[in-house]
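We count residues from 1, following the sequence as given. The model shown is predicted, which means the values in this text are computed figures rather than measured ones.
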Amino acid sequence: MAAGSDADHVVDATDTDAVDDVADVDADAEPEPESALETARRQLHHAADRLDIDPNIVERLAHPKAVHEVTVPVERDDGSVEVFTGYRAQHDSVRGPYKGGLRYHPEVTRDECVGLGMWMTWKCAVMDLPFGGAKGGVAVNPKDLSEAETERLTRRFAGEIRDEIGPTIDIPAPDMGTDPQTMAWLMDAYSMQEGETVPGVVTGKPPVIGGSKGRAEAPGRSVAIIAREAIDYYGKPIDETSVAIQGYGSVGANAARLLDDWGANVVAVSDVNGAVYDVNGLDTHAIPAHEEEPEAVMDHAAPETLTNDELLELDVDVLIPAALGNVLTAENAGRVSADMVVEGANGPTTSAADRILADRDVPVIPDILANAGGVTVSYFEWLQDINRRSWSLERVRGELEDEMLEAWNAVRSEHESRGVTWRDAAYVVALSRVAEAHDARGLWP
Ligand code: NAD
């Protein structure tokens, strides 16, 4: 996973028509895992049911504004030409230009882009950023491409979607299989065609060409900030709080180290191979994060090792799934022993697990709030690009803290006044902002 991405997890694509009715399906009959589009539509209808919103606006929001599908021919290093399919799904732009990641992954599909684009609309709205949601990518396994082939693919894809993107139209960012270098090529290809340097066309760039300081650490930092606020909300002193974190990458390691620095007892962390566990607390700075040394968590000496499944069921105060989607399911949600879940990854909790945890009074602080630091610092990057003025790391961190607290307070207020789950409260905040903007602007013509 690229550091500094507006990333989401890969889920299976599903037939569009089949998911239109999904909001009404009985919980026990739901297949797991769900597709991104199924989940996004379900959550839209679920939140809309809690609000007095014009059904016509909800109907508009169940569909993307546009999905661009392009053919991307690439010359391989051996001289042959291979043709890939690329997408850019633009969900809603009532609050500002579209914003969201571009992923290179074999399972990229139209519907996945639509579903993940919808999530970006809510994530931007819950953070009150002046952006709408989008997602895109190319159906390709990036591991099969040389660096030169990846560059040619990126430049050609940029050419194909050139008319659909731009700093005031749609601003891509890294996601699965793409990284700051990909964004640099995309920005260069776009700029060459425009005849001027346009840094604001993408975010998550290397800082030397207009990327923001603090972008890569931002999703993990926001997870830590929201976890800290939630711990405080439930009346637990942070230095008496135990934390278990699945995934020790950009999100997991940054969140772990900050919570550790703030006094929490991080007792377990994992990578794809398993977890290390010390009831007295791990030295999180001594355990290599994914980008420092991939998959090396288990090399760290610790009193005990666990499987990832065992980590998810540890009796801790806070569980932070920060690796991949659909890890808390109907099968294991009943055995989650943490007092609270803070979602670091995108979509780690299936809808069925969400209901089980709600019935068991285990608060789940949702991804669209907790890991939104990434897109928030992307917004800061865009502001810096437009103003041609870079911010210090201290300023980025300070403004991120302010934005996260504002979003936390908005969601907390809905959670308290409506007596709904944290996820429902976040969706209510997001959907009401988007719906009010639609209402104010009206339907053209
Ligand atoms: P990363 O690639 O930096 O790290 C992923 C970590 O998860 C690694 O430690 C890896 O070993 C571990 N992992 C992979 N498969 C696993 C498995 N089956 N079981 C347990 N651990 C496993 O990724 P990241 O950027 O930290 O992203 C993690 C999650 O956060 C993803 O869901 C991503 O979509 C989401 N996210 C990332 C960002 C971002 O900007 N990086 C922003 C928002 C959300």
Side-chain angles (χ1 to χ4, degrees), residues 1-2 5-14 19 22-23 27 30-47 89 91 100-101 103 105 107-109 111-127 133-135 137 173 175-177 219-220 222-223 226 245-247 249-252 255 308 312 319-333 336 341-358 362-375 421-427 430-431:
M1 175 77 47
S5 63
D6 294 350
D8 292 289
H9 66 291
V10 167
V11 278
D12 300 329
T14 314
V19 295
V22 95
E30 286 160 20
E32 285 191 298
E34 303 163 313
S35 75
L37 183 54
E38 275 180 306
T39 308
R41 286 211 170 116
R42 183 193 306 281
Q43 285 164 342
L44 166 65
H45 290 293
H46 194 68
H91 175 240
R103 56 176 49 178
H105 192 281
E107 288 166 40
V108 167
T109 62
D111 281 359
E112 182 192 272
C113 293
V114 172
L116 299 179
M118 248 191 227
W119 277 351
M120 286 305 298
T121 300
W122 315 136
K123 199 179 268 197
C124 293
V126 85
M127 292 307 303
K135 188 70 76 170
D175 202 291
M176 297 185 84
S222 69
V223 168
I226 294 299
I245 301 183
Q246 184 188 42
S250 167
V251 178
N308 267 290
L312 294 173
L319 171 66
I320 303 181
L324 64 171
N326 294 325
V327 294
L328 298 178
T329 63
E331 195 278 318
N332 65 3
V336 168
V341 176
V342 179
E343 294 185 330
N346 284 308
T349 315
T350 66
S351 300
D354 220 20
R355 271 185 291 274
I356 293 167
L357 292 168
V362 179
V364 179
I365 316 292
D367 46 8
I368 60 164
L369 171 65
N371 70 26
V375 70
T421 65
W422 289 95
R423 190 183 313 282
D424 284 349
Y427 275 86
L431 182 55

>> Please evaluate residues Trp119 and Lys135 with respect to the criterion side-chain contact (heavy atoms from CB on, under 4.5 Å), reporting the C-alpha separation (whole Å), side-chain torsions for both, the decisive distance (0.1 Å), and the verdict.
In response: CA-CA 9 Å; Trp119 277 351; Lys135 188 70 76 170; over 6 Å; no

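- Pairing each heavy atom of Ala323 with each of Ala345, the nearest pair is N-CB, 3.8 Å.
- By the side-chain contact (heavy atoms from CB on, under 4.5 Å) test, Ile356 pairs with Ala330, Ala333, Arg360, sequence neighbours left out.
- Residues Glu343 and Leu369 have side chains not in contact (no heavy-atom distance under 4.5 Å, counting atoms from C-beta outward).
- Taking both residues in full, the closest heavy atoms of Ala125 and Ala430 are given as CB-O, 3.6 Å, listed atom of the first, atom of the second, then distance.
- Across Leu319, Val336, Val341, a single residue satisfies side-chain contact (heavy atoms from CB on, under 4.5 Å) together with Leu312, and that is Leu319.
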> Would Glu38 and Asp111 count as a side-chain contact (heavy atoms from CB on, under 4.5 Å) if you check the C-alpha gap in whole Å, the side-chain angles of each, and the deciding distance to 0.1 Å?
Replying inline: CA-CA 9 Å; Glu38 275 180 306; Asp111 281 359; over 6 Å; no

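- Residues Arg423 and Asp367 have side chains in contact (heavy-atom distance under 4.5 Å, counting atoms from C-beta outward).
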>> side-chain contact (heavy atoms from CB on, under 4.5 Å) for Asn371 and Asn346? Distances and angles first, verdict last.
In response: CA-CA 8 Å; Asn371 70 26; Asn346 284 308; 3.1 Å; yes

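- Two residues are said to be in side-chain contact when any heavy atoms from C-beta on lie closer than 4.5 Å; Met118 and Arg41 meet this criterion.
- Residues Gly137 and Val108 come closest through the heavy atom pair C-CG1, 4.0 Å.
- Contact record, Val126 with Ile368: CG1-O, 3.3 Å, taken as the closest heavy-atom pair.
- Every side chain to side chain donor-acceptor pair (under 3.5 Å) that Thr121 has, sequence neighbours left out, goes to His91.
- Contacts of Gln246 classified as side chain to side chain donor-acceptor pair (under 3.5 Å), with partners at least two apart in sequence or in another chain: Asn308.
- The heavy-atom pair separating Gly344 from Ile320 by the smallest distance is N-CG2, 4.1 Å.
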>> Pair Val364, Trp422 - check side-chain contact (heavy atoms from CB on, under 4.5 Å), show working.
In response: CA-CA 6 Å; Val364 179; Trp422 289 95; over 6 Å; no

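- Between Ile226 and Ala370, the shortest heavy-atom contact is CG1-CA, 4.0 Å.
- If you take OG1 on Thr39 and NE2 on His46, they are separated by 12.5 Å, rounding to the nearest 0.5 Å.
- Going from atom CZ of Arg355 over to atom OG1 of Thr349 covers 12.0 Å, rounded to the nearest 0.5 Å.
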